[in-house]
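Read through the structure below, which is laid out as structure tokens, and then see the notes.
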Amino acid sequence: MELTAAHLRYLLAIYTLSRDGAAVASSAVAAALGVQRPSVARMLKNLSEQALVEKEPYGKIRLTPAGKILAGQYQQRLETLSSCFCRPEFSMSREEALRAAWAVMTALPERYGLPSAPEDEQMPK
């Protein structure tokens, strides 16, 4: 399964918005990521083709069981990496640590089980 940093950005946004298991609206995903709804629709189509999300009638989105597992794994990796940057010797805020962790996680080669990112890709908000 080929996941880019952009795929991961959307997957983690949906995962965060649906922590309680509820379906989320595409407009909520768009707002969380600061993108337009057509961008969300395109990405949802792609993630759906990879069997990571399901779109319900009237625009509600749910992660598939595989999507929940994968998103959870990446969220854990992001948290683990960010905790490394929260150490006193780095003097980073939580936000800075998350951004640094995102940069590292998306820059690692795929052989480490992480997606590669284009240089201009931004971390999720």
Side-chain angles (χ1 to χ4, degrees):
M1 174 176 327
E2 179 78 23
L3 279 183
T4 66
H7 293 120
L8 184 56
R9 183 175 178 230
Y10 281 81
L11 191 67
L12 289 179
I14 296 165
Y15 180 76
T16 300
L17 291 168
S18 66
R19 287 271 174 131
D20 62 358
V24 298
S26 59
S27 59
V29 176
L33 296 175
V35 299
Q36 298 295 314
R37 287 181 58 192
S39 296
V40 174
R42 283 189 300 275
M43 185 58 72
L44 289 178
K45 182 176 186 278
N46 191 289
L47 292 172
S48 179
E49 289 170 356
Q50 295 188 51
L52 297 174
V53 299
E54 298 171 331
K55 188 166 186 249
E56 297 176 353
Y58 306 107
K60 294 292 183 175
I61 305 158
R62 287 189 187 278
L63 293 173
T64 63
K68 284 180 192 175
I69 291 169
L70 189 62
Q73 290 170 341
Y74 279 107
Q75 183 64 40
Q76 181 60 45
R77 290 174 183 162
L78 185 62
E79 291 297 326
T80 299
L81 284 169
S82 71
S83 69
C84 294
F85 291 109
C86 284
R87 296 177 11 191
E89 58 266 28
F90 288 111
S91 301
M92 289 187 179
S93 69
R94 174 85 173 126
E95 179 67 22
E96 291 169 328
L98 279 171
R99 289 188 182 282
W102 178 260
V104 169
M105 188 171 80
T106 57
L108 289 171
E110 287 186 48
R111 70 176 177 267
Y112 295 106
L114 302 168
S116 54
E119 300 248 339
D120 62 319
E121 188 60 52
Q122 297 179 356
M123 78 168 250
K125 292 183 179 180

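Model, not experiment: these values are computed from the prediction.
- Between the side chains of S39 and R42, at least one donor-acceptor pair of N or O atoms lies under 3.5 Å.
- The stretch residues 59-68 participates, sequence neighbours left out, in these side-chain hydrogen bond (donor to acceptor under 3.5 Å, both in side chains) pairs: E56-R62.
- Here the OG1-NE2 distance, from T4 to H7, works out to 4.5 Å after rounding to the nearest 0.5 Å.
- Side-chain N/O atoms of T106 and R9 include no donor and acceptor closer than 3.5 Å.
- Looking only at side-chain heavy atoms (C-beta outward), L17 and V29 come within less than 4.5 Å of each other.
- Between the side chains of E79 and S83, no donor-acceptor pair is found at a separation under 3.5 Å.
- In this structure, L81 and W102 have side chains that are not in contact, with every pair of non-hydrogen atoms separated by 4.5 Å or more.
- For residues 19-33, there are no side-chain hydrogen bond (donor to acceptor under 3.5 Å, both in side chains) pairs, not counting sequence neighbours.
- C86 contributes atom SG, which lies 5.5 Å from atom CZ of R94 (distance to the nearest 0.5 angstrom).
- Nearest heavy atoms, L78 versus M105: N-SD, 3.9 Å.
- Closest approach of A66 to A51, counting heavy atoms only: CB-O, 4.1 Å.
- With rounding to the nearest 0.5 Å, the separation of CE in M43 from OG in S48 is 12.5 Å.
- Nearest heavy-atom pair across A22 and S18 is O-CB, 3.2 Å.
- Between L44 and I14 the shortest side-chain heavy-atom distance falls below 4.5 Å.
- Here the side chains of I61 and E54 are not in contact, with every heavy-atom distance at 4.5 Å or above.
- By the 4.5 Å heavy-atom criterion applied to side chains, L63 and L70 are not counted as neighbours.
- The CZ atom of R77 lies 9.5 Å from the OG1 atom of T80; values are rounded to the nearest 0.5 Å.
- Put simply, the side chain of E96 gets close to the backbone of S93: a donor and an acceptor are under 3.5 Å apart.
- Tracing side-chain contacts under 4.5 Å through hydrophobic residues (I, L, V, M, F, W, Y), one reaches V104 starting from F90; they form part of the same cluster.
- Interatomic distance, L52 CG to Y15 OH, rounded to the nearest 0.5 Å: 13.5 Å.
- Side-chain contact between N46 and Y10 is absent, with no heavy atoms from C-beta onward closer than 4.5 Å.
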